[in-house]
Trainee: 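The structure is given below, and queries will be raised subsequently.
Not measured: the values here are computed from a predicted model.
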Amino acid sequence: MDDKRDDRRDDADGRIELVVLDMAGTTVADRGLVEQAFAVAAERCGVIPGSDDHEAKLDYVRRTMGESKISVFRELFGDEGLAQRANREFENAYHDLIDAGGCAPLPGAVEAIERLRAGGRKVVLTTGFSRATRDRVLDALDWHGLVDLTLCPADAGRGRPYPDMVLHALLRTGGRDVRRIAVAGDTGYDMLTGRRAGASVVAGVLTGAHGKGRLAESGATHVLGSVAELPALLESR
């Protein structure tokens with residue numbers, strides 16, 4: 001009986017214990033790097049810059065921001081070999097842009113993460129990039145050790161909009177309840193992922209790919225100007 005009362009009290013508490021944050025567009029400034037890298041990859045795979053085909057593919061990339069990049073290229077090219085080649089070209093181009101100084105944290109992101117962790121919450125970064133690209137970003141920002149865990153689709157099974165990375169984060173950090181998770185991201189796919197994982201807070205931020213309408217339509221419980229506003233939101237609950 002005592003255990004049951006403790007469970008009910010835990011449920012009523014509702015305190016967020018795990019915060020799952022997207023990287024590019026949410027904590028890391030994108031600065032158009034994804035589109036630039038895509039343009040390079042597409043041209044190297046035979047897509048003529050400025051053509052109708054190029055514009056249609058670029059529009060799809062924009063609409064599916066947040067999804068696993070290899071999944072995007074599979075849909076765009078319809079051939080596994082060509083998709084794998086496009087993904088490699090994308091990664092190479094993106095790495096070159098990072099190495100040229102194109103990677104930077106969004107204002108207030110580091111401070112927000114530190115404040116969340118200081119409040120006793122676990123923080124996990126997730127991305128649709130590959131492990132190699134994720135690690136390149138972390139190296140460039142010197143973010144190793146900033147958070148409790150970083151995940152990419154290959155670590156969890158499937159990328160967004162599936163809930164795998166959020167649920168994997170819960171398991172890896174020893175979380176108790178999906179209702180104690182907050183998810184924040186800049187894309188509709190981030191919102192879908194959070195909703196499907198059962199997170200009680202699914203916060204869209206306006207520093208990346210998608211606007212307030214798309215975030216709300218995809219299930220955002222809150223829309224914030226930036227991730228810098230997230231700690232205050234969670235502390236007010």
Side-chain angles (χ1 to χ4, degrees), residues 21-106 125-137 140 152-154 158-162 165 184-194 204-220 223 226-227:
L21 303 174
D22 172 52
M23 292 179 68
T26 302
T27 54
V28 182
D30 174 61
R31 297 177 172 176
L33 299 191
V34 169
E35 291 191 17
Q36 292 176 52
F38 166 75
V40 172
E43 184 174 5
R44 290 176 180 172
C45 290
V47 179
I48 300 171
S51 66
D52 290 343
D53 184 32
H54 180 274
E55 291 306 310
K57 284 180 166 57
L58 180 57
D59 179 65
Y60 184 81
V61 168
R62 289 170 176 153
R63 287 187 285 111
T64 57
M65 285 289 191
E67 186 178 355
S68 168
K69 293 300 177 283
I70 184 59
S71 297
V72 172
F73 285 121
R74 284 176 178 139
E75 182 66 28
L76 285 176
F77 291 100
D79 174 84
E80 184 64 20
L82 191 54
Q84 291 289 347
R85 179 187 170 192
N87 194 55
R88 288 194 299 273
E89 296 289 1
F90 172 85
E91 289 184 356
N92 290 336
Y94 199 89
H95 294 176
D96 288 343
L97 292 167
I98 292 172
D99 293 345
C103 191
L106 278 163
L125 292 177
T126 61
T127 182
F129 293 138
S130 68
R131 286 192 186 106
T133 302
R134 174 199 63 191
D135 291 344
R136 198 70 160 250
V137 172
C152 65
R158 297 171 297 179
R160 307 182 190 106
Y162 298 103
M165 286 195 290
D186 66 297
T187 71
Y189 276 17
D190 290 304
M191 304 301 96
L192 286 172
T193 293
V205 297
L206 299 175
T207 50
H210 295 153
K212 184 175 183 179
R214 172 71 183 275
L215 296 171
E217 288 168 6
S218 299
V223 177
S226 77
V227 74

Trainee: Treating N92 as the side-chain partner and R88 as the backbone partner, does any N or O pair qualify as donor plus acceptor under 3.5 Å?
Mentor: yes
Trainee: Testing the basics here: between M165 and C152, what is the closest heavy-atom pair and its distance to 0.1 Å?
Mentor: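 For M165 and C152, the tightest heavy-atom pair comes out as SD-C, 3.5 Å.
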Trainee: Distance from T64 atom OG1 to D59 atom CG, nearest 0.5 Å?
Mentor: 9.0 Å
Trainee: When rounded to the nearest 0.5 angstrom, what is the spacing between CZ in R74 and CD in Q84?
Mentor: 5.5 Å
Trainee: Evaluate the ring planes of F73 and F38, with Trp represented by its six-membered ring, and classify them as parallel (under 30°), tilted (30 to 60°) or perpendicular (over 60°).
Mentor: parallel
Trainee: Applying side-chain contact (heavy atoms from CB on, under 4.5 Å) to R31 and L97, what does each step give before you reach the verdict?
Mentor: CA-CA 10 Å; R31 297 177 172 176; L97 292 167; over 6 Å; no
Trainee: Report the residues that fulfil side-chain contact (heavy atoms from CB on, under 4.5 Å) with S68, sequence neighbours left out, ordered by chain and then residue number.
Mentor: I70, S71, P153
Trainee: Is it true that a side-chain atom of T133 and a backbone atom of H95 form a donor plus acceptor pair closer than 3.5 Å?
Mentor: no
Trainee: Does any non-hydrogen side-chain atom of M65 lie less than 4.5 Å from one of V34?
Mentor: yes
Trainee: Looking at Y94 and A24, what are the two nearest heavy atoms and their distance?
Mentor: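 Looking at all heavy atoms of both residues, the closest pair is OH-CB, 4.5 Å.
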Trainee: Quick one, V61 with L76, criterion side-chain contact (heavy atoms from CB on, under 4.5 Å). Give me CA distance, side-chain angles, the key distance, then yes/no.
Mentor: CA-CA 9 Å; V61 168; L76 285 176; 3.9 Å; yes
Trainee: Take R136 and D99, measure what side-chain contact (heavy atoms from CB on, under 4.5 Å) needs, and give me the verdict at the end.
Mentor: CA-CA 9 Å; R136 198 70 160 250; D99 293 345; 2.7 Å; yes
Trainee: State, with a plain yes or no, whether a side-chain heavy atom of Y189 is found less than 4.5 Å away from one of R214.
Mentor: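 The answer is yes, as the side chains (C-beta and beyond) meet within the 4.5 Å cut-off.
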Trainee: For residues D186 and T207, is any side-chain donor paired with an opposing acceptor at under 3.5 Å?
Mentor: no
Trainee: Do V40 and E89 have side chains that get closer than 4.5 Å, going by heavy atoms?
Mentor: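 With C-beta onward as the side chain, the pair stays apart.
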Trainee: For the backbone of T187 and the side chain of D190, can you confirm whether one donor and one acceptor N or O come within less than 3.5 Å of each other?
Mentor: yes
Trainee: Is there side-chain contact between T27 and L125, with at least one heavy-atom pair below 4.5 Å?
Mentor: yes
Trainee: Cationic tip of K57 within the cone over F77's six-membered ring, i.e. under 6.0 Å and within 45° of the normal?
Mentor: yes
Trainee: Nearest heavy-atom pair of A220 and G204: which atoms, and what distance?
Mentor: CB-N, 4.2 Å
Trainee: State whether the side chain of R85 and the backbone N or O of R44 hold a donor-acceptor pair below 3.5 Å, judged by distance alone.
Mentor: yes
Trainee: First locate atom CE of M23, then atom CZ of R134, and finally report the distance between them rounded to the nearest 0.5 Å.
Mentor: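 Separation between the atoms: 8.0 Å.
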Trainee: Would you say the side chain of R160 lies within less than 4.5 Å of the side chain of T126, judging by non-hydrogen atoms?
Mentor: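 Yes, at least one pair of side-chain atoms sits under 4.5 Å.
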Trainee: Rounded to the nearest 0.5 Å, what separates atom CG in D96 from atom CD in Q36?
Mentor: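 Nearest 0.5 Å value for the CG-CD distance: 11.5 Å.
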Trainee: If I compare all heavy atoms of T26 with all of G185, which pair ends up nearest, and what's the gap?
Mentor: OG1-CA, 3.3 Å
Trainee: Applying side-chain contact (heavy atoms from CB on, under 4.5 Å), run through D53 and I48 and close with a yes or a no.
Mentor: CA-CA 8 Å; D53 184 32; I48 300 171; over 6 Å; no
Trainee: For the residue pair V28 and C103, what are the closest heavy atoms and their distance?
Mentor: CG1-SG, 3.9 Å
Trainee: Does CG belonging to D52 count more than 12 external heavy atoms closer than 6.0 Å?
Mentor: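 12 or below, so no.
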